[in-house]
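Written out below as structure tokens is the structure these notes cover.
Throughout, a chain's letter reflects where its sequence line sits, starting with A, and its residues are numbered from 1.
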There are 2 protein chains.
Amino acid sequence: MGRRSETMLENRAKLIAAARVAFARDGFAAASMDDLTAAAGLTRGALYHNFGDKKGLLAAVVAQIDGEIAAHAHAAGEAHPDPWQGMLVEGAAYIRMALTPEVQRIVLLDGPAFLGDPSQWPSQNACLDATRHKIAELVAAGVMRPVDIDAAARLLSGAALNAALWVAANPDPQDALPKAIEVFTHLASGLKVGG
Amino acid sequence: MGRRSETMLENRAKLIAAARVAFARDGFAAASMDDLTAAAGLTRGALYHNFGDKKGLLAAVVAQIDGEIAAHAHAAGEAHPDPWQGMLVEGAAYIRMALTPEVQRIVLLDGPAFLGDPSQWPSQNACLDATRHKIAELVAAGVMRPVDIDAAARLLSGAALNAALWVAANPDPQDALPKAIEVFTHLASGLKVGG
DNA sequence: AGATATGACATACGCTTCGTATGTCAACAT
DNA sequence: ATGTTGACATACGAAGCGTATGTCATATCT
């Protein structure tokens, strides 16, 4: 079964790759499954066999992108020695990545609209999870106030998310980005002990 | 033309009312225009004549709900003498209203996904605008740091928005709500002068 | 007042799309 | 060699959106 599994995974990857392009360009609702699969050199048959339905493909795409974001943001934050600075850097990295149309359209807009609340996605939302761990560390170290971990992660994540949406919709994104990061930094400082 | 305009406005109101129910229950994408208009005692003809297309109806619905939210939140905040406390109360009111499925599904999820960024909606997003004015006041009064008004409004609004989504998806919303409000209050304090 | 024009819908139609049901063919199993 | 299964492709039916056309009351013009 070696050869068959290989092509199977290759076709799954092809479909996900084509879906990332189509969903980012047209949005999930307007994207055609016929066009999407044809662009991958397949038909809808492969799609329903591999992902069940249209939303199943979206879930797979979201999981893949989400994982990539979390990995990048985590790497950026891990580099810093000071944990608090690390969290801020991670947040800024999150904002910058959320500026790409692919991330914005698929993960931030269509994802919640068609798959429901991100905190209950099958992919468990790697981004949210990474933020939660970071916050738990900071609270345990006495750097952050003893607030509810889940709530803090979600609100910080939400602030970063909307920061990215605001920057992207801005006429001058290059000018808006540092302003957004500045506000984000101030907001986060409200959670710091003695801050 | 008196009589005709009256029925025209009545029919518009009927369609918007039916759309609020249908969009909240099924989501914008899955809502059927045939069923929706039939529930209002009309047909799709009335819909395309009054609103242009399906998204036009969504825009009208979003504008109506958004206006109601802004009015309520503004009234809640206006009652407080201390401007800073007023902003916090307004934010908390915003979070509570965003807990209703109608607001959440239509304004917070489907709105951004199908109409684009809220800061550029035709309705100008009354909520965001009210928050901006409040923040401008606080900055002018020297209570809030001199941050970018638009950015601060958008991030605070985003935090409140995600707070509501998190609370609503929580197994125990009654327990989660105060936690979310607490975190929101801490975050906001990061924007306070000397806070 | 009679004819005409316009506005506010309803009805009919075509096109696209999704999901499923069925068909096909290679790769195993026995 | 034959049956079975997996991985797709093809065919089909149903639903939905937008538009084109029809209809009727009401305003307008002469």
Closest to side chain of A/His49, choosing from D/dC17, D/dA7, C/dA8:
D/dA7
From C/dA10, D/dA9, C/dC13, pick the nucleotide closest to the side chain of B/Arg44?
C/dC13
Find the distance A/Leu57:CG to C/dC18:P and express it as a whole number of Å.
11 Å
So, does A/Asn50 get its side chain near the phosphate of D/dA7, meaning an N or O under 4.0 Å from OP1 or OP2?
no
For A/Gly52 and for A/Asp35, locate the closest nucleotide of DNA chain C by heavy-atom distance; then report the residue assigned to the nucleotide nearer the 5' terminus.
A/Asp35
Please check if B/Val147 and A/Ile95 belong to a single hydrophobic cluster, counting links between Ile, Leu, Val, Met, Phe, Trp and Tyr side chain heavy atoms closer than 4.5 Å.
yes
I need the CG-P distance between A/Leu47 and C/dT17, as an integer number of Å.
14 Å
Sidechain N-carboxylate O distance under 4.0 Å for B/Arg20, B/Glu68:
yes
Out of C/dA8, D/dA7, D/dG18, whichever nucleotide has its closest atom nearest the side chain of A/Met8:
D/dA7
Taking the nucleotide of DNA chain C with the nearest heavy atom to each, does A/Ser32 or A/Gly45 sit closer to the 5' end?
A/Ser32
A/Asn11 side-chain N/O to D/dA7 phosphate OP1/OP2 under 4.0 Å:
no
Can any side-chain N or O of A/Arg154 pair as donor or acceptor with the backbone N or O of A/Leu128 at less than 3.5 Å?
no
Write down the distance between CG (B/Leu9) and P (C/dG7), rounded to a whole number of angstrom.
16 Å
Donor-acceptor pair, distance only, cut-off 3.5 Å: does the side chain of A/Asn50 make one with the backbone of A/Ala46?
yes
A/Asp26 CG to C/dT16 C1': how many Å, rounded?
14 Å
Quick one: is C/dC9 close enough that its OP1 or OP2 comes under 4.0 Å of any side-chain N or O from B/Thr43?
no
Determine the contact category for B/Ala31: base if any of its heavy atoms lies under 4.0 Å from a base atom, sugar-phosphate if only primed atoms, P, OP1 or OP2 are that close, otherwise nothing.
sugar-phosphate
Could you state the CZ-P distance from B/Phe51 to C/dA8, rounded to the nearest angstrom?
13 Å
Report the distance from atom CG of B/Asp34 to atom P of C/dA12, rounded to the nearest whole Å.
13 Å
Closest to the A/Tyr48 side chain: C/dG19, D/dC17, D/dC8?
C/dG19
